[in-house]
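Indexing begins at 1, ligand by ligand and atom by atom, following the structure's order. The figures that follow rest on heavy atoms only: side chains count, while hydrogens, waters and symmetry mates do not.
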Amino acid sequence: SSEVPAAEKKRWTLGDFDIGKPLGRGKFGHVYLAREKRSNHIVALKVLFKSQLQQSQVEHQLRREVEIQSHLRHPNILRLYGYFYDQKRVYLILEYAAKGELYKELQKCKYFSERRAATYVASLARALIYCHGKHVIHRDIKPENLLIGAQGELKIADFGWSVHTFNRRRTMCGTLDYLPPEMVESVEHDASVDIWSLGVLCYEFLYGVPPFEAKEHSDTYRRVPLLSTYHNLFTLFPIHRIVQVDLKFPPKPIVSSSAKDLISQMLVKDSSQRLPLHKLLEHPWIVQNADPSGIYKA
Ligand SMILES: CC(C)NC(=O)[C@H]1CCC[C@H]1Nc1nc(Nc2ccc(C(=O)N(C)C3CCN(C)CC3)cc2)ncc1C(F)(F)F
C-alpha cells in the first residue's frame with residue numbers, strides 16, 4: 001500500500017490533507033478523519049492547541065509520545081506517521097482505527113465473552129512484549145486508550161504516559177483504576193506495571209467494571225482524568241484496596257475459574273511475582289479462548 005512516509009523524512013503541512021468529519025474529542029483537542037492528498041491514504045488528524053499544552057505543562061510528554069509511538073511498528077499498536085505544527089496548534093498524523101473506541105464498545109456490551117476478552121488480552125500481551133523488548137513501558141493501559149481496527153483488531157493508542165525505561169520516571173500518571181501498588185505508593189516501577197494493568201483490563205472485559213473500583217460514585221469519578229480523582233482521592237478512591245490487592249470476583253456474570261486463575265496471577269502486589277507476558281500467552285485460558293489471529297469473530 002502507499003505507506004505514508006516516515007516522520008523524519010517529510011515536512012507535512014495542513015495543505016497536504018483533505019479534512020473529513022470529526023471523530024471526537026481527545027484530551028487536548030479534536031480528532032478529524034483526513035485524507036493525505038498525494039497517496040489518498042486515510043488517517044486520523046489529532047489537533048492539539050499549544051495554549052492548552054502549555055498551561056497543562058505536557059509538552060515534554062507529547063514530545064516523548066511522538067518520539068516513542070513514531071518508532072513502534074506492531075499490528076496492535078496505533079501508528080503515528082508524523083506531526084507538524086503552526087502558530088497555534090500541533091497536528092499528529094495517526095493511523096485511523098475504523099471501528100472506533102473500545103471503551104464505547106465495552107459500555108454497549110456491558111462485558112465481553114471469554115473468547116472476545118481472551119482474544120483482546122492475547123493481542124495486547126503481544127503488543128506489550130514488543131514494547132518491553134524495546135524498553136518501552138506504556139504505563140496507561142485502560143479501555144479509553146484502546147481503539148478497534150477495521151478487522152476488529154485492538155490497537156493500543158495514546159503513549160502519552162509511556163517511558164523509555166532507561167530514564168524511569170516516578171511521576172504519578174494514569175487514572176487510579178489501573179495503577180499497580182508500586183505506582184500508587186510511587187516507588188520505582190518497571191515493565192511489570194503493564195502486566196498489572198492488563199490484569200485489571202482482563203477483569204473489566206469480563207465483569208464490565210474494574211476490580212478495585214469504589215462502589216459509591218462509580219459513575220461520577222469513572223473516566224475522569226487522574227487530576228480530579230486525585231483531588232477526591234481519599235473520599236472517592238479506595239487505594240488501600242489496590243495496595244492490599246483485595247481481589248474479589250462477583251457471582252455474576254459467570255466467569256470460568258481458568259480466567260480467574262489468570263487474573264489472580266497478574267494482580268499480584270509483588271511486581272516480580274506477576275505472570276510474565278510470554279507465560280500469559282501459554283496460559284490454558286488464553287490457549288483455549290483466544291483467536292490466534294487476534295481478531296475476534298462474533
Ligand atoms: C486513543 C485516544 C485516547 N482516543 C482518541 O484519540 C479518540 C478521541 C476521538 C476519536 C479517537 N481517536 C481516534 N479514533 C479513530 N477512529 C474512530 C473513532 C471514533 C469513531 C466513532 O465511533 N464515531 C466517529 C462515531 C460515529 C457515530 N457517531 C454517532 C458517534 C461517533 C470511529 C472511528 N482512529 C484514530 C484515532 C486517533 F487516536 F488516532 F486519534
Could you tell me which atoms of ligand 1, counted from 1 in the order shown, lie closer than 4.0 angstrom to a heavy atom of [X]?
X: N145; answer: 3 (C)
X: E95; answer: 34 (N), 35 (C), 39 (F)
X: R25; answer: 8 (C), 9 (C)
X: A157; answer: 1 (C)
X: D158; answer: 3 (C)

Checklist entry - Heavy atoms of the protein only: does one fall short of 4.0 Å from atom 1 (C) of ligand 1? => result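 Within 4.0 Å: yes, protein heavy atom nearby.
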Any donor-acceptor N/O pair, [X] side chain to [Y] backbone, under 3.5 Å:
X: S56; Y: L53; answer: no
X: R126; Y: V121; answer: no
X: Y178; Y: P210; answer: no

Item to check | Residues D177 and K142 bridged, charged N to O under 4.0 Å | outcome: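 K142 and D177: not salt-bridged.
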Checklist entry - Should the pair K46-E65 be classified as a salt bridge under the 4.0 Å nitrogen-to-oxygen rule? => result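 No, no charged N to carboxylate O under 4.0 Å.
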Next on the checklist: Checking contacts here: is it the side chain or the backbone of E144 that comes within 4.0 Å of ligand 1, counting heavy atoms only? Could be both or neither.
Outcome noted: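 The part of E144 near ligand 1 is the backbone, not the side chain.
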Checklist entry - For ligand 1, is any non-hydrogen atom under 4.0 Å from L78's backbone (N, CA, C, O), its side chain (CB onward), both, or neither? => result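 Only the side chain of L78 comes within reach of ligand 1.
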Given [options], identify the one with the heavy atom nearest to [atom].
atom: atom 38 (F) of ligand 1; options: L23, L147, I148; value: L147
atom: atom 31 (C) of ligand 1; options: H30, K99, K104, R79; value: K104
atom: atom 20 (C) of ligand 1; options: G100, A150, A44, G24; value: G100

Checklist entry - So is there a nitrogen or oxygen of K46 less than 3.5 Å from a nitrogen or oxygen in ligand 1? => result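 Indeed, backbone or side chain, K46 has an N or O that close.
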I need the nearest protein heavy-atom contact for [atom]: residue, atom name and distance, please.
atom: atom 17 (C) of ligand 1; result: A97 O, 3.3 Å
atom: atom 40 (F) of ligand 1; result: V31 CG1, 3.3 Å
atom: atom 26 (C) of ligand 1; result: K21 NZ, 4.5 Å
atom: atom 7 (C) of ligand 1; result: E101 OE2, 3.5 Å

Checklist entry - Between N76, L201, L277, which is the residue that forms a side chain to side chain contact (heavy atoms under 4.5 Å, CB included) with L124? => result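 Only match with L124 under side chain to side chain contact (heavy atoms under 4.5 Å, CB included): L201.
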With ring centroids as reference points, do [X] and [Y] lie under 6.0 angstrom apart?
X: Y207; Y: Y111; answer: no
X: Y203; Y: W196; answer: no
X: W12; Y: Y91; answer: no

Next on the checklist: Just verifying a value: how many Å separate K50 NZ and Y85 OH, rounded to the nearest 0.5 Å?
Outcome noted: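 So the gap between those two atoms works out to 7.0 Å.
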